[in-house]
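Heads up, the thing below is written out as structure tokens.
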Amino acid sequence: MALKKLLQLFCVSKKDSKKKGKSIDPLWQASAPHSSLSVTANKSHLDPCSSRHECSSMISSLARTEHGTGSNDYMSFNQFDVVQDFSDHHYAKTSPGKATKDWVKAIQSEWSLLQKNLPESIYVRVYEDRIDLLRAAIVGPAGTPYHDGLFFFDVRFPSEYPKCPPKVHYHSGGLRLNPNLYESGKVCLSLLNTWWGNGCEKWGKSNSTMLQVLVSIQGLVLNDKPYFNEPGNKNSAKTTAGEKNSLVYNQTAFVLSCKTMLYSLRKPPKHFETLVAGHFHEREHAFLDACSAYMSGTVVGSSAGSGARYDCAKCFADFKKSLTLYTEHLRTEFAANRSRLLELERKASPVGEIVPTS
């Protein structure tokens, strides 16, 4: 089963690991960070009959015992944390509904699973006063037209959860960079019951999790040949015409991914400002080098030195023109980002300590 293989690929399991996952690794290097905190071990202290605020406060206090209250330091940016302000969340104005015992237990289980098993390239924030809400940042996998990007998703657990899947909204910025990710923010995925599927491909109340949803988006949606995600294109896979169309689609997807980077850098979602600043500062040189390689004829998503190039200049002429423009925009924004990151570091430094400018 594709999902099971993905979970193995991302090293997602219930086995413990001592790795904290403070840095971002490529897709194939992701492993499961460990937390010694067991939320489920404390579930007897969570009274499902109490108010929603009391429930969320209990869960968040447990999580913060392990993770602290957060930091402006990018390298110590927690993969999982509890925050308060949910005002910019897509579902902020949606009523959470009535809390039930099963609903609280299901979310409690989700928090525990995410806290212990997130791949290093996925980050999650949950909300103290709205435990029905969640926000995730997914790093675009290496070897795909989405590499080095950050993609944000807002999630809501409806009152019927886990009998029905969570609601997921993609921060699209009005762009359609993947057949499964709509301009409207809709995420088309069998596991969310927003697309057809068979058996365990669809949501199951007893065996499906939010972790599976996030890993599926990263591995099945943000893949190396998204053109074939479109049902009408699947039959052309491995044909000359199909592969040619796939290369062109990847060019478009990469340019739109660049636009998404600009969108995130200029207006990062709340509670992910440090991640956005640090992530792109760390990767800007490698990303700009990749852009230069693509503009010289290297196939989008190809690893350095792989030798994969387009057959003719005409195959990427329009792409080169668009990418040249957005590369310059990114250079400008990366420079501004360095200034923002330096300011964050200054604010986080003890009074009197000098922060290096380089």
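Quick caveat: nothing in here was measured; it's all calculated off a predicted structure.
- By the ring pair (Phe, Tyr, Trp, His ring centres under 6.0 Å) test, H271 pairs with no residue at all, sequence neighbours left out.
- Annotation: side chain of S159 is not in contact with side chain of K98 (no heavy-atom distance under 4.5 Å).
- Side-chain atoms of V126 and L114, non-hydrogen and from C-beta on, never get closer than 4.5 Å to each other.
- Note that the CZ atom of F316 and the OH atom of Y294 stand 13.5 Å from one another [nearest 0.5 Å].
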Inset, instruction - For L288 and F334, run side-chain contact (heavy atoms from CB on, under 4.5 Å): C-alpha distance rounded to whole Å, both residues' side-chain angles, the deciding distance at 0.1 Å, then the answer. - result: CA-CA 10 Å; L288 291 174; F334 284 153; 4.0 Å; yes
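- Here F228 contributes atom CZ and E243 contributes atom CD; the two are 4.0 Å apart, rounded to the nearest 0.5 Å.
- Partners of F152 by ring pair (Phe, Tyr, Trp, His ring centres under 6.0 Å), not counting sequence neighbours, listed by chain and number: F272.
- In summary, the side chains of N233 and Y249 do not present any donor paired with an acceptor at a separation below 3.5 Å, with no hydrogens or angles considered.
- When the side chains of ILVMFWY residues are joined at heavy-atom separations under 4.5 Å, either directly or via intervening members, F254 and Y263 end up in two distinct hydrophobic clusters.
- Between Y161 and W203, the two ring planes are tilted [angle within 30° to 60°].
- The one candidate from L192, N180, V155 that meets the side chain to side chain contact (heavy atoms under 4.5 Å, CB included) condition with V187 is L192.
- Within a 6.0 Å radius of NZ in K167, other residues, nucleotides and ligands contribute 12 heavy atoms or fewer.
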Inset, instruction - Would you sort out whether L189 and S216 count as a side-chain contact (heavy atoms from CB on, under 4.5 Å), showing the intermediate values? - result: CA-CA 8 Å; L189 193 67; S216 294; 4.1 Å; yes
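- Close placement of the H89 and Y127 rings is indicated, their centers lying within 6.0 Å of each other.
- The cationic atom of R135 (NZ for Lys, CZ for Arg) does not lie both less than 6.0 Å from the six-membered ring centre of F153 and within 45° of the ring axis.
- Counting only heavy atoms from C-beta outward, the side chains of R283 and V139 approach each other to under 4.5 Å.
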Legend entry - Derivation and outcome, salt bridge (charged side-chain N to carboxylate O under 4.0 Å, His left out), residues E160 and K205: CA-CA 10 Å; E160 300 83 9; K205 66 177 183 179; over 6 Å; no
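- Between atom OG of residue S302 and atom NE2 of residue H147 there is a gap of 9.0 Å, rounded to the nearest 0.5 Å.
- Rounding to the nearest 0.5 angstrom, the gap separating the CE atom in M210 from the CG atom in L214 is 4.0 Å.
- A distance of 5.0 Å separates OG1 of T209 from CG of L113, quoted to the nearest 0.5 Å.
- Rounding to the nearest 0.5 Å places CG of N229 at 9.5 Å from OG of S246.
- At most 12 non-hydrogen atoms from other residues, nucleotides or ligands lie less than 6.0 angstrom from CG of D311.
- There is a side-chain donor-acceptor pair under 3.5 Å between S87 and D85.
- Contact annotation: the side chain of L133 never approaches that of T94 to less than 4.5 Å [non-hydrogen atoms, C-beta and beyond].
- Counting non-hydrogen atoms of other residues, nucleotides and ligands closer than 6.0 Å to CG of D289 gives a total above 12.
- A donor-acceptor contact shorter than 3.5 Å links the side chain of Q79 to the backbone of I122.
- Between the side chain of N250 and the main chain of D224, a donor-acceptor pair closer than 3.5 Å is present.
- The cationic group of K186 lies under 6.0 Å from the six-membered ring centre of Y182 and within 45° of the ring axis, placing it in a cation-pi geometry.
- Taking the side chain as every heavy atom from C-beta outward, K259 and L256 approach each other to under 4.5 Å.
- At least one side-chain heavy atom of L211 sits less than 4.5 Å from a side-chain heavy atom of P119.
- Inter-residue side-chain proximity for L150 and M261 is flagged as unmet; no heavy-atom pair is nearer than 4.5 Å.
- Connection of V248 to Y310 is not established within any shared hydrophobic cluster, with ILVMFWY side chains joined at heavy-atom distances below 4.5 Å, either directly or through further cluster members.
- Using the six-membered ring where Trp is involved, F151 and Y146 have ring planes that are perpendicular, over 60° apart on the 30 and 60° scheme.
- Salt bridge status for R331 with E328: present, with a side-chain N to carboxylate O gap under 4.0 Å.
- Residues E282 and F287 fail the side-chain proximity criterion, which asks for heavy atoms closer than 4.5 Å.
- Under a 3.5 Å cut-off, the side chain of E128 and the backbone N or O of V83 do not form any donor-acceptor pair.
- When all heavy atoms of M295 and T327 are compared, the closest pair comes out as CE-OG1, 4.0 Å.
- Of the possible polar contacts, none joining the N245 side chain to the G242 backbone as a donor-acceptor pair under 3.5 Å is found.
- S322 places no side-chain N or O within donor-acceptor distance of the main-chain N or O of F319, the cut-off being under 3.5 Å.
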